[in-house]
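All residue numbers refer to positions in the sequence shown, counting from 1.
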Amino acid sequence: MPSANLESMDDHATSSEVAEAKQALRVLEDSLRDCSRCGLCKGRSQMVFGAGHPRAQLLFVGEGPGFHEDRQGVPFVGQAGKLLNELLEGIGLTRSDVYIGNVVKCRPPENRDPTPDEIAACSPFLMEQIAIIRPRVVCTLGRFATKLLADTNLSMTAVRGKAKARELAGVDTIVFPVFHPAAALYTPANRRVLVEDFAKLRRLLDRGLEALNPPVSGEGAGDGSGGEKSDDGSGDVGSPNPSGGPRLPVPRTEQLPLW
Ligand code: URA
């Protein structure tokens, strides 16, 4: 699949806005380097701030750094990160198209779950990142990010692959929970679910909320999602690919429910 560069998708940020966001993220990162707001500072090698496009339209939020992330200072560089890279590639994106962060920025000892106190101490800085990056879609990876950003106690099984409109840090976003990639490393069924949900994510990025509320059937004049119907003989409609490649297929009748 050709890479669809999200930045070029709708000219949402000028180059000076991108530079401004990059600088704001750098200032925030510098301010957190010696953070001691919670006990996680005691066991870390370094704080893992986040990485990617400063004005990415798609933000991924995981749980917290693991062993390799703690060593390298970069999110999702271990096995789960490899799978995340593959999932991104599968929908025509690279890590430099998106931004990747975590609920907590320092590694919990032995990769235990972050505690509510640790999340409360760290999450304001994730919110600051969101205010700077201004993502259109926030894809939460696993239950901690989902609970925090979708504000739900529902299980991942209940909410994965569904979208919820949410204002986060003053930014109108669509929160889209998926399983954490670590949950799919040794469970092929979860991996299939992730691949399926990433395909939905691609459609959400291409078509925004219109992808969530298409008419029930596709008879007659297209799918009613804004007149972008193509007739390439495939029976699918697709959104224009900003990199000039073929249209990305979108099944005509699928619904991505809001919950
Ligand atoms: N798992 C996470 O949740 N975050 C990382 O950065 C790496 C693994």
Side-chain angles (χ1 to χ4, degrees), residues 3-35 37 46-65 69 72-77 81 84-85 87-89 91-106 119 121-141 144-146 148-151 163-178 198 201-202 204-209 241-243:
S3 175
N5 182 330
L6 289 183
E7 200 199 338
S8 67
M9 202 167 274
D10 65 2
D11 287 336
H12 76 296
T14 63
S15 55
S16 73
E17 287 168 339
V18 174
E20 231 170 79
K22 188 172 180 179
Q23 174 63 9
L25 289 169
R26 189 175 297 144
V27 169
L28 181 59
E29 180 172 7
D30 287 347
S31 78
L32 293 174
R33 231 177 272 289
D34 299 321
C35 178
R37 288 172 182 82
Q46 58 191 311
M47 181 268 301
V48 180
F49 181 70
H53 194 296
R55 285 295 304 269
Q57 295 192 56
L58 172 58
L59 168 68
F60 287 95
V61 181
E63 183 176 317
E69 291 77 18
Q72 295 182 42
V74 181
F76 282 95
V77 288
L84 180 59
N85 291 349
L87 290 162
L88 282 172
E89 196 186 339
I91 58 168
L93 298 174
T94 67
R95 286 174 73 114
S96 58
D97 293 320
V98 305
Y99 195 94
I100 304 175
N102 277 307
V103 169
V104 295
K105 295 183 178 359
C106 297
I119 294 171
C122 208
S123 57
F125 304 106
L126 174 62
M127 293 304 175
E128 284 195 41
Q129 286 170 295
I130 292 173
I132 295 167
I133 298 165
R134 306 189 65 78
R136 208 150 52 95
V137 176
V138 177
C139 182
T140 54
L141 303 168
F144 286 93
T146 300
L148 178 70
L149 298 176
D151 191 26
K164 184 174 187 175
R166 285 270 289 154
E167 188 187 308
L168 297 172
V171 182
D172 285 328
T173 70
I174 300 168
V175 177
F176 188 77
V178 301
F198 266 65
L201 180 58
R202 174 78 253 188
L204 193 55
L205 291 165
D206 290 339
R207 296 168 54 190
L209 281 167
N241 183 330
S243 57

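The shortest heavy-atom contact between Q57 and R136 is OE1-NE, 2.6 Å. Closest of all the heavy-atom pairs between A150 and V175 is CB-CG1, 3.9 Å. Shown here for L88 and T94, the closest heavy-atom pair between the two residues is CD1-C, 4.3 Å. The two atoms that bring A169 and M127 nearest to each other are CB-O, 3.3 Å, heavy atoms only. Across all their heavy atoms, T146 and P177 have their closest contact at OG1-CB, 3.5 Å. Of all non-hydrogen atoms in P54 and K22, the two that sit nearest each other are CB-N, 3.7 Å.
The aromatic rings of F49 and Y99 sit perpendicular, their planes meeting at an angle over 60°, well past the 30° parallel limit.
Residues L201 and C139 meet the side-chain proximity criterion, which asks for heavy atoms closer than 4.5 Å. Taking 4.5 Å as the limit, every side-chain heavy atom of L141 sits out of range of all side-chain heavy atoms of V61. Side-chain contact between F144 and V104 is absent, with no heavy-atom pair separated by less than 4.5 Å. At least one side-chain heavy atom of V98 sits under 4.5 Å from a side-chain heavy atom of L93. Side-chain contact between F125 and R37 is present, with at least one heavy-atom pair separated by less than 4.5 Å. Side-chain contact check for V18 versus H53: some heavy-atom pair is nearer than 4.5 Å. For the pair I174 and V138, the minimum side-chain heavy-atom distance is 4.5 Å or more.
Here the side chain of E69 pairs no donor or acceptor atom with the backbone of G64 at under 3.5 angstrom. Judged by distance alone, with hydrogens and angles left aside, the side-chain atoms of N102 form a donor-acceptor pair with the main-chain N or O of E63 at under 3.5 Å.
Looking at K105 and Q46, their side chains never bring a donor and an acceptor atom within 3.5 Å of each other.
In this structure, OG on S15 lies 10.5 Å from CD on E20, to the nearest 0.5 angstrom. C122 SG to M47 CE: the interatomic distance, rounded to the nearest 0.5 Å, is 8.5 Å. To the nearest 0.5 angstrom, T173 atom OG1 is 10.5 Å from K164 atom NZ. Atom CG of L148 and atom OG1 of T140 lie 9.5 Å apart (nearest 0.5 Å). Here CG of D97 is found 9.0 Å from CG of L58. Values are rounded to the nearest 0.5 Å. Atom CZ of R55 is separated from atom CD of E17 by 5.5 Å, given to the nearest 0.5 angstrom.
Under the side-chain hydrogen bond (donor to acceptor under 3.5 Å, both in side chains) criterion, R134 pairs with no residue at all, not counting sequence neighbours.
Heavy-atom neighbours of D30 CG from other residues, nucleotides or ligands within 6.0 Å: above the threshold of 12.
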* Between L205 and V137, is a side chain to side chain contact (heavy atoms under 4.5 Å, CB included) present by the stated rule, with each step listed? -> CA-CA 7 Å; L205 291 165; V137 176; 3.9 Å; yes
* **From CA spacing to verdict: side chain to side chain contact (heavy atoms under 4.5 Å, CB included), D151, L149** => CA-CA 5 Å; D151 191 26; L149 298 176; over 6 Å; no
